[in-house]
2 protein chains.
Amino acid sequence: MAQKIIPNIVIGRLPVYLRTLQYMLEEGRQVTSSQELGERLGFSAAQIRKDLSQFGEFGKQGTGYNIQYLADQLQGILKVNRDWDVVVVGAGDLGSALARYQGFANRGFHVKMIFDSDSQKIGTEIGKFIILDSADMITSIQAAGIRIAMIAVPASDAQEAANQLVKAGVKAILNYAPVNLSVPHGVRVQYIDPVIHMQHMTYYN
Amino acid sequence: MAQKIIPNIVIGRLPVYLRTLQYMLEEGRQVTSSQELGERLGFSAAQIRKDLSQFGEFGKQGTGYNIQYLADQLQGILKVNRDWDVVVVGAGDLGSALARYQGFANRGFHVKMIFDSDSQKIGTEIGKFIILDSADMITSIQAAGIRIAMIAVPASDAQEAANQLVKAGVKAILNYAPVNLSVPHGVRVQYIDPVIHMQHMTYYN
DNA sequence: TAGATTGTTAATCGATTAACAATC
DNA sequence: TAGATTGTTAATCGATTAACAATC
């Protein structure tokens, strides 16, 4: 049976919809519309309806969308109606900040380990974590069955870190190092390089 | 005279091209081709040629692109052939990591000030910075003529921070708080929310 | 009922790719 | 010269928007 492939660009918007719905819930709201969501996010109402319609019918004509219900559905679609364990590679300023970041746990992502290769750092504490030796990374991650990693090592070490993560069975990498990674098919990478974003904006200045 | 508007999506790729060219220079390379760049980045060669052709002719048939020359051109286009001063709002873990991040200076972005509203933090040091009082933010930024800011405050404070930055004359905001900001026309915002990226990847798991 | 809003279709718009003449 | 690679055009592909019947 022909499985419909949903455009990646649509998938990328769903977490943004979800985040906004969750804020609406916090505001005590119960119902919203494609129009309201669109205004809040700067998307067209038509686009939001189209995106959602890829996955089913979640609204009611004349009324709009029940926020709690739609949020639950989106969580299911994105597979974030469960918790995910995460590792951090690199215990510098950024890696440490990631390990301590409060914004992960309440959205279902739990940092479980943080690694570094610097013997000065290994064994020391960051918040509730003890920095582990990168040399043990593959076995530790495999043993824990962790599928998601964040790379926060220098650019020169990032590809090697990625290689090891892949060997350890990681399927999703959030890469903070300013380099493109090459990974096998089936492993996903997302990039966060603040300089890229800033250079995008300076163009318009 | 009809000024050609370059698609935003093209502008967004230029910094990635530039970054790769700069690595090639570090590797001692002199010349590259759209094909090689494409393979390295996972884009098609045609797309790279098309993107670049929006801005002029930078290559030579049969030979390819002189890396130094193309990098210089891209820097000019992106207006990063000069230095930019930046402020950080929020001196928590993330703001502190941003203030200390080494990856900015060597790409032309210089953090000049970091602000917080917590009286416990104001006046204390982060690296070479003394944390300034958010209450003085507008005047300090105006006086320094700074146009770029990074927001690293809790979600609940981000819109207010953005409002003040806009008042201070900031034109580009890199927002690490997990909320959509509403800003006047002429001010650009880029968003970095790691959870959004991770939720994008969990879909495929 | 009248008003609002969905889900969906068709039309439009925009971005990517294929192909190739030009030329180094 | 032969081979390589650009810049550009036209074709294709994909994404967004407009419009509206259905219906709450």
Side-chain angles (χ1 to χ4, degrees), chain A residues 2-18 20-21 24 29-74 76-77 200 203, chain B residues 2-18 20-21 24 29-74 77 200 203-204:
Chain A
Q3 143 111 30
K4 185 177 57 172
I5 357 93
I6 313 276
N8 183 55
I9 197 164
V10 173
I11 306 300
R13 283 190 292 259
L14 298 187
V16 181
Y17 298 163
L18 176 58
T20 304
L21 292 167
M24 287 176 169
R29 306 278 313 286
Q30 307 234 334
V31 172
T32 187
S33 65
S34 59
Q35 179 165 68
E36 188 195 28
L37 261 176
E39 277 166 15
R40 200 142 156 170
L41 292 171
F43 300 141
S44 77
Q47 178 168 77
I48 289 172
R49 293 201 302 279
K50 189 97 210 283
D51 284 354
L52 297 178
S53 75
Q54 305 264 12
F55 303 94
E57 309 193 353
F58 306 121
K60 252 210 206 61
Q61 284 110 322
T63 312
Y65 300 91
N66 178 290
I67 297 172
Q68 181 70 65
Y69 177 75
L70 182 55
D72 288 347
Q73 294 298 308
L74 289 179
I77 291 164
H200 188 157
Y203 174 82
Chain B
Q3 143 111 31
K4 184 176 58 171
I5 358 92
I6 314 277
N8 184 55
I9 196 164
V10 173
I11 306 301
R13 283 191 292 260
L14 299 186
V16 181
Y17 299 163
L18 176 58
T20 304
L21 293 167
M24 288 175 167
R29 307 279 312 286
Q30 308 233 332
V31 171
T32 187
S33 65
S34 58
Q35 179 164 72
E36 188 194 29
L37 261 176
E39 276 165 16
R40 198 141 158 170
L41 292 171
F43 300 140
S44 77
Q47 179 168 76
I48 289 171
R49 293 202 301 280
K50 189 98 213 281
D51 284 355
L52 297 177
S53 75
Q54 304 266 11
F55 303 95
E57 309 193 355
F58 306 120
K60 253 211 204 61
Q61 283 109 322
T63 311
Y65 300 91
N66 178 290
I67 297 172
Q68 182 71 66
Y69 176 75
L70 182 54
D72 287 348
Q73 294 298 308
L74 289 179
I77 292 164
H200 188 160
Y203 173 82
Y204 295 99

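Below, chain A is the first sequence line, B the second, and so on; all start at residue 1. Both backbone and side-chain heavy atoms feed into the values below; hydrogens, waters and symmetry mates do not.
The shortest side-chain heavy-atom distance between B:Leu37 and B:Phe43 does not fall under the 4.5 Å cut-off. Considering only heavy atoms from C-beta on, A:Leu21 stays 4.5 Å or farther from A:Tyr65 through its side chain. For the pair B:His200 and A:Asn8, the minimum side-chain heavy-atom distance is below 4.5 Å. Residues A:Thr32 and A:Thr20 have side chains not in contact (no heavy-atom distance under 4.5 Å, counting atoms from C-beta outward). Residues A:Leu52 and A:Leu70 are in side-chain contact: their nearest non-hydrogen atoms beyond the backbone lie under 4.5 Å apart.
The pairing partner recorded for C:dC13 is D:dG14, the criterion being a Watson-Crick or G-U wobble arrangement whose two distances lie under 3.5 angstrom. Of the nucleotides present, C:dG7 is the one that pairs with D:dC20 by Watson-Crick or G-U wobble criteria, both distances under 3.5 Å.
Rounded to whole Å, atom P of C:dA15 lies 17 Å from atom CG of A:Asn8. Between B:Gln35 atom CD and D:dT6 atom C1' the separation is 12 Å, expressed in whole Å. Spacing between atom CZ of A:Phe58 and atom C1' of C:dT8 amounts to 15 Å, rounded to whole angstrom units. Taking atom CD on B:Gln54 and atom P on D:dT6, their separation rounds to 16 Å, with Å as the unit. Protein atom CD1 of A:Ile11 is 14 Å distant from nucleotide atom C1' of D:dA15, rounded to whole Å. Summarising the geometry, the separation between CZ on A:Phe55 and P on C:dT6 is reported as 17 Å, rounded to the nearest angstrom. As rounded to whole Å, 10 Å separates atom C1' of C:dT16 from atom CG of B:Asp51. A:Glu36 has its CD atom 10 Å from the P atom of C:dT6, to the nearest Å.
Comparing C:dA15, D:dT6, D:dA15 by their closest approach to the side chain of A:Pro7 singles out D:dA15. Counting only heavy atoms from C-beta on, B:Tyr65 has its side chain closest to D:dG7 among C:dG7, D:dG7, C:dT16. Between C:dT8, C:dT16, D:dG7, one nucleotide has an atom nearer to the side chain of B:Gln47 than all others, and that is C:dT16.
Enclosure of atom CD in B:Gln30 is not indicated, since only 12 or fewer non-hydrogen atoms of other residues, nucleotides or ligands lie within 6.0 angstrom.
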Where protein sits on nucleotides 18-24 of chain D, one letter per nucleotide: B base, S sugar-phosphate only, - none, heavy atoms under 4.0 Å: BB--BBB

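Dashed line: the shortest gap from a side-chain N or O of A:Ser34 to OP1 or OP2 of C:dT5 is not under 4.0 Å.
Remark on DNA chain C: of its neighbouring residues B:Val10 and A:Thr32, the 5'-side contact belongs to A:Thr32, judged by nearest-heavy-atom nucleotide.
Counting only residues at least two apart or in different chains, salt bridge (Lys or Arg N to Asp or Glu O under 4.0 Å) contacts with residues 32-51 of chain B comprise B:Arg13-B:Asp51, B:Glu27-B:Arg40, B:Arg29-B:Glu36.
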